[in-house]
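Below is one structure; the comments refer to it alone.
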Amino acid sequence: MKFFIDTANLAQIKEANDLGILDGVTTNPSLMAKEGIKGHDAIMQHYKTICEMVDGPVSAEVFGTEFAGIVEEGKKLAAIHKNIVVKVPMIKDGIKAIKWFSDNGIPTNCTLVFSAGQAILAAKAGATYVSPFIGRIDDSSWDGVQVIEQIVSIYNAQGFMTEVLAASIRSPLHIVRCAEAGADICTCPLSSILGLLKHPLTDLGLKQFLDDAKSMQ
Ligand code: G3P
């Protein structure tokens, strides 16, 4: 399973990248706004900076909701860097645009996906990635990981090439369960990635080893 980081924060992207386990980055308008980025040029420059930091796919989301606008925006985003993936919402015009991008060799990430039916449409349109938001599904008292399992099983049964990118990850356990469910990628906040390191027996064991090592010096 590949690890993407779900943030537009450059310090966090650097910290995850320095671990050597980062395969890509996803952003969305909320994450970009959180960094205080304002205006077209600053937005484009920020994506460029991320692409220069991480050698892997970087999802940049369109702001438009109509076919022609999505296509225009997507073409401009794709021109920033070869690793840009155009992130398109799961709406009717979004599906049309994903098909257009797919026919024109531009990689896409279909976002705001909450059901297997939506994931089938995204795959039919040729999306490179589909992003089910598992944390938000859990928030509405459904089981997000179950949706991942269902999509993975449908894609395998049907031979769809779209990669399942589990998004809206809220904890290290989400990452473990998505790996079990066969997700191709997890896009996670840095805190969830670092949470995977934690185990009290590791801390206790390390303390013992360091104490014993000191006693031998
Ligand atoms: O990038 C999309 C997704 O990961 C958002 O997560 O935590 O806002 O539900 P969250």
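In listed order, ligands and their atoms are each counted from 1. Below, each value reflects all heavy atoms present in this structure, side chains not excepted, and no hydrogens, waters or symmetry copies.
Taking hydrophobic clusters as Ile, Leu, Val, Met, Phe, Trp and Tyr residues chained together by side-chain heavy-atom distances below 4.5 Å, Leu31 does not share a cluster with Leu77. Residues Val88 and Val113 share a single hydrophobic cluster, defined by chaining ILVMFWY side chains whose heavy atoms lie under 4.5 Å apart. Taken together through direct or relayed side-chain contacts under 4.5 Å among Ile, Leu, Val, Met, Phe, Trp and Tyr, Val147 and Ile169 form part of one hydrophobic cluster.
Distances below 4.0 Å separate heavy atoms of Ala167 from the following atoms of ligand 1: 4 (O). Near Asn28, with a cut-off below 4.0 Å to any heavy atom, the atoms of ligand 1 are 1 (O), 2 (C), 5 (C). For ligand 1, the atoms sitting less than 4.0 Å from at least one non-hydrogen atom of Arg136 are 5 (C), 8 (O), 9 (O), 10 (P), numbered in the order shown with element in parentheses.
A salt bridge does not link Glu72 to Lys76: none of the charged side-chain nitrogens sits closer than 4.0 Å to a carboxylate oxygen. Ion pairing of Asp203 with Lys207 is absent here, as no side-chain N (NZ or NE/NH1/NH2) approaches a carboxylate O to less than 4.0 Å.
A heavy-atom distance below 4.5 Å is not found between the side chains of Phe114 and Met90.
The protein atom (non-hydrogen) at minimum distance from atom 6 (O) of ligand 1 is Ser168 CA, 3.3 Å. The shortest contact between atom 7 (O) of ligand 1 and any protein heavy atom is with Arg170 NE, 3.2 Å. The shortest contact between atom 2 (C) of ligand 1 and any protein heavy atom is with Phe133 CZ, 3.2 Å.
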- Phe67 and Lys99: CA distance, side-chain angles, deciding distance, side chain to side chain contact (heavy atoms under 4.5 Å, CB included) verdict: CA-CA 11 Å; Phe67 174 75; Lys99 176 75 173 101; over 6 Å; no

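Not one N or O of Thr27 is nearer than 3.5 Å to an N or O of ligand 1, by distance alone. In terms of N/O distances under 3.5 Å, ligand 1 is approached by Asp6. Checked against a 3.5 angstrom limit, the closest N/O atoms of Thr26 and ligand 1 fall outside it. The N/O atoms of Thr187, backbone and side chain alike, include none that comes under 3.5 Å of an N/O atom in ligand 1.
Side-chain polar atoms of Glu149 and Ser153 form no donor-acceptor pair below 3.5 angstrom.
Only side-chain heavy atoms of Lys87 come within less than 4.0 Å of ligand 1; its backbone N, CA, C and O stay farther off.
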